[in-house]
Amino acid sequence: MVEGMKIVIDYDLCEANAICMGIAPEVFEVREDDNLYILQEEPAEELRPKMEEAVRRCPKQAISIEG
Amino acid sequence: MIGASLAGMAAVQSIRASGHDGPIVVVDPAGSLPHDRPPLTKQVLAGQWPLERAAQPAAARLDELDLDLRLGVAATGLNADRRSVSLSDGSELEASALVLATGSHARTLPTGSGHGGPGGGDGSAALPSGAFTLRTGADCVALLERLEAEPARVVVIGAGFIGGEVAATCAGRGLTVSMLEAAPVPLQRVLPGGVGGFVTELHRRNGVDVRLGVSIEALNLNGDGSVRGVALGDGSNLEAEVVVIGVGAAPTVDWLADSGLTLLEPHRGGGILCDETLLAHPGVVAAGDVAAWPNPHFGGELMRVEHWENAVDAGTHAGRRALAELGGRDASGGGEAAEATVGAFSSVPWFWSDQFDSKIQMVGRCGPEDEPVVVAGDLTGDRFVVLFRRGDLCTAALGLNRPRQVMQARMRMAESLDWDGVAALF
Ligand SMILES: Cc1cc2nc3c(=O)[nH]c(=O)nc-3n(C[C@H](O)[C@H](O)[C@H](O)COP(=O)(O)OP(=O)(O)OC[C@H]3O[C@@H](n4cnc5c(N)ncnc54)[C@H](O)[C@@H]3O)c2cc1C
Ligand code: SF4
């Protein structure tokens, strides 16, 4: 597949508890203002297992992967 | 698979993700797939979410998981040597590998038994009308109905996490709430050094009547058997139309008597004793609220963790562990993945609790002797971080409205519990 994946956050659900940052700090960052920032919206394919882990472990089910 | 809640379904998903396509039977006495529990004291009870929205993560994947899902059926006994389970419908199941994930259930007061104080009874005992425990979607809906009728006062017994969340949500609905705690400080069992006092402050700031060191004798009832109030140790009656009992949970192990498994005594934390890989007996693994295991990350300290994330992580691990057992005894079923050896389950527990607009988060596990060290903010404010020190180790970190810092502490603690390394973050 040449199409990459895209990380989508449902900010209505996200409560910025930073679990995803614990899994992949290169993609997810909760900053001092306590908001979640996505550092790479379309992370490289080799990060897919980590992205799937983040989806699974986000307690709010706020992360989804498109593509 | 015994128990179809978070840990059980995480195990199923990891078994399927490993490529195993053999038959999986899942048993749970719940009438439908159990709900995700955290929203039950928060969004659902606040009336913000319909109950359906609190579906557990696996609910959307049931078809692809291809399970023999037997809901409404409980396991009533186990023979660990034969790996056979007797079920409440009278049938018997024999499995090549078993995952036990029966979780925990809410404790209740030993009402009417005369000896006061929380902690004795069992959630399955019928409670009088107006009294509630909160564990399942059905519990939540029943309580919600009563709250919608705007009772004059809600009394919450127990200032633990469930009690604190229920009190906060009820107060948020505009109800008059009293929260009673037998100990002089909330969360005394979890947080040494009186740190739990911040819960008192948080609730009082938000209008909850918090009463500490209160002894509770019994529930007072009206002539029709419904709740009239709470009988306190000083002889008074605290009037309440609704009483929510949040005095903790006990692991669901009653069905395992004479099973051949080792069950820990309650004073050692209770639960099914597993080895560090979550194996309780050859061919039998356990995970989630019900499992106690020596956690290598804490020098082999026996832990039983009642947290959402632990249920997901331990369940995932247990699924792979079960598959390895399957590989050992029945090579036809597993394929390559099953041959892999599965190591120890090493973890730094993490959980959160939302009360009012505040996020409480905790990483690790502290003991009664650990020394609290405030490293950011102060305990009476609405943002702080406290670390807990045991000699050269940082055993835990607690934060109020400090998710980023708690997570940084966690990442450091996952590398090493060394005190200096964690303290250097602040
Ligand atoms: C109201 C509430 C709010 C919570 N909020 C938070 C939170 O904010 N943050 C957090 O970290 N954690 C929270 N938790 C804790 C978290 O939900 C639990 O740790 C998690 O549900 C544990 O999952 P489990 O699968 O081990 O056990 P459980 O969820 O207890 O599930 C056990 C399952 O086993 C079934 N079972 C029981 N006996 C039998 C039997 N004999 N045979 C077959 N099946 C059986 C039960 O029906 C149940 O479905 C909360 C818990 C509750 C109750
Ligand atoms: S884990 Fe989920 S809720 Fe937490 S910060 Fe990430 S997306 Fe938000």
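Quick note on labels: first sequence line is chain A, next is B, and so on, each numbered from 1. Every value quoted in this text rests on a predicted model; they were computed, and no experiment measured them.
Within a 6.0 Å radius of CG in B:Asp378, more than 12 heavy atoms belonging to other residues, nucleotides or ligands are found. Within 6.0 Å of CG on B:Asp357 lie no more than 12 heavy atoms contributed by other residues, nucleotides or ligands.
Residues satisfying the ring pair (Phe, Tyr, Trp, His ring centres under 6.0 Å) test with B:His307, not counting sequence neighbours, are B:Phe351. Listed by chain and number, the residues in a ring pair (Phe, Tyr, Trp, His ring centres under 6.0 Å) with B:Phe298 amount to none (sequence neighbours excluded). Shown here are the side-chain hydrogen bond (donor to acceptor under 3.5 Å, both in side chains) partners of A:Glu42, two or more places apart in sequence or in another chain: there are none.
Smallest separation of non-hydrogen atoms from B:Trp308 and A:Pro59: CH2-CA, 3.5 Å. Considering every non-hydrogen atom in both A:Val30 and B:Arg404, the closest pair reads O-NH1, 2.7 Å.
The interface of residues 14-23 of chain A with chain B, defined by heavy-atom distances below 4.5 Å, comprises A:Glu15, A:Ala16, A:Asn17, A:Ala18, A:Ile19, A:Met21, A:Gly22.
Distance check: A:Arg56 CZ to B:Thr316 OG1 gives 4.0 Å after rounding to the nearest 0.5 Å.
Only the backbone of B:Ala55 comes within contact range of chain A, judged by heavy atoms closer than 4.5 Å. At a 4.5 Å heavy-atom cutoff, the contact between B:Asp313 and chain A is made by side-chain atoms alone. For B:Gln13, no part lies under 4.5 angstrom from a heavy atom of chain A. At a 4.5 Å heavy-atom cutoff, the contact between B:Arg383 and chain A is made by side-chain atoms alone. If you measure heavy-atom distances from B:Arg53 to chain A, the contacts under 4.5 Å come from the side chain alone. At a 4.5 Å heavy-atom cutoff, the contact between B:Pro57 and chain A is made by backbone and side-chain atoms alike.
Contact check on B:Asp354 versus A:Lys60 returns a salt bridge, with a Lys/Arg side-chain nitrogen under 4.0 Å from an Asp/Glu carboxylate oxygen.
Side-chain contact between A:Asp34 and B:Arg402 is absent, with no heavy atoms from C-beta onward closer than 4.5 Å.
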